[in-house]
Student: 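What follows is a structure written as structure tokens; I'll ask about it next.
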Amino acid sequence: MNRASDALSDLRRRLAGITPSAAIDAEILLAHVLGCSRTALAARPGQALTRTQLQVLAALAERRLAGEPVAYLTGRREFWSLDLEVTPAVLVPRPETELLVELALQGLR
């Protein structure tokens with residue numbers, strides 16, 4: 001299992017029991033390990049992973065299985081089309097917060 005598609009399938013299966021966002025979480029984590037976007041990951045499903053990349057992915061999977069947010073694992077989170085740096089010292093932006101921003105902006109018009 002050193003192809004991206006195999007690693008992705010395995011990670012999705014492992015995460016499926018803990019989160020409804022298992023498929024997206026798996027894509028984000030694998031893309032992070034490979035240093036590419038989710039789109040690039042989808043375009044290259046046969047890409048081989050190195051032993052080091054597999055080890056890093058396995059470590060991230062264990063942390064996610066323990067409940068650690070994906071944003072803390074990758075150190076990044078998109079919010080309102082901004083790519084934000086995220087650490088455990090900050091709160092992870094939630095999708096509901098984007099909705100609040102949209103509503104607030106509508107009220108300012």
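Nothing fancy with the numbering, it's 1 onward along the sequence. Because the structure is predicted, anything quoted here is derived from the model rather than measured.
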Student: Scan for salt bridge (charged side-chain N to carboxylate O under 4.0 Å, His left out) pairs involving residues 99-108, sequence neighbours excluded, and state none if there are none.
Tutor: none
Student: Quick check for you: to the nearest 0.5 Å, what is the distance between Leu105 atom CG and Leu100 atom CG?
Tutor: 11.0 Å
Student: Roughly how far, to the nearest 0.5 Å, is the CG atom of Leu60 from the CG atom of Asp25?
Tutor: 11.5 Å
Student: Once side chain to side chain donor-acceptor pair (under 3.5 Å) is applied, do any residues pair with Ser9, and if so which ones, sequence neighbours excluded?
Tutor: none
Student: Give the minimum heavy-atom separation between Leu41 and Leu34, together with the two atoms involved.
Tutor: CD1-CD1, 3.6 Å
Student: Could you report the tightest heavy-atom contact between Pro69 and Val92, atom names first, then the distance?
Tutor: CB-CG2, 4.4 Å
Student: Could you give the distance from CG (Leu8) to CZ (Arg3), rounded to the nearest 0.5 Å?
Tutor: 11.5 Å
Student: Is the number of heavy atoms from other residues, nucleotides or ligands within 6.0 Å of CG (Leu82) greater than 12?
Tutor: yes
Student: Which heavy atom of Phe79 sits nearest to which heavy atom of Leu84, and what is that distance?
Tutor: CB-CD1, 3.7 Å
Student: Among residues at least two apart in sequence or on other chains, which ones pass salt bridge (Lys or Arg N to Asp or Glu O under 4.0 Å) with Glu62?
Tutor: Arg14
Student: Could you list the residues that satisfy salt bridge (Lys or Arg N to Asp or Glu O under 4.0 Å) with Glu68, not counting sequence neighbours?
Tutor: Arg63
Student: For the residue pair Leu49 and Asp6, establish whether any side-chain heavy-atom pair is separated by less than 4.5 Å.
Tutor: no
Student: Quick one: do Leu108 and Leu103 end up in the same hydrophobic cluster if we chain Ile, Leu, Val, Met, Phe, Trp and Tyr together by side-chain heavy atoms under 4.5 Å apart?
Tutor: no
Student: Can you run down the salt bridge (charged side-chain N to carboxylate O under 4.0 Å, His left out) pairs that involve residues 79-89, sequence neighbours left out, and say none if there aren't any?
Tutor: Arg76-Asp83
Student: Which atom names give the shortest non-hydrogen contact between Leu15 and Arg64, and what distance separates them?
Tutor: CD2-CG, 3.6 Å
Student: Which pairs, with at least one residue in residues 26-53 and sequence neighbours excluded, count as a salt bridge (charged side-chain N to carboxylate O under 4.0 Å, His left out)?
Tutor: Arg12-Glu27, Glu27-Arg38
Student: So, Ser21 versus Thr19: side-chain donor-acceptor pair below 3.5 Å or not?
Tutor: yes
Student: Ile18 and Leu65: which non-hydrogen atoms are nearest, and at how many Å?
Tutor: CD1-CA, 3.8 Å
Student: How close do Tyr72 and Val90 get, counting heavy atoms only, and between which atoms?
Tutor: OH-O, 2.7 Å
Student: Applying the 4.5 Å side-chain criterion to the ILVMFWY set and letting contacts propagate, would Leu73 and Val86 be lumped into a single cluster?
Tutor: no
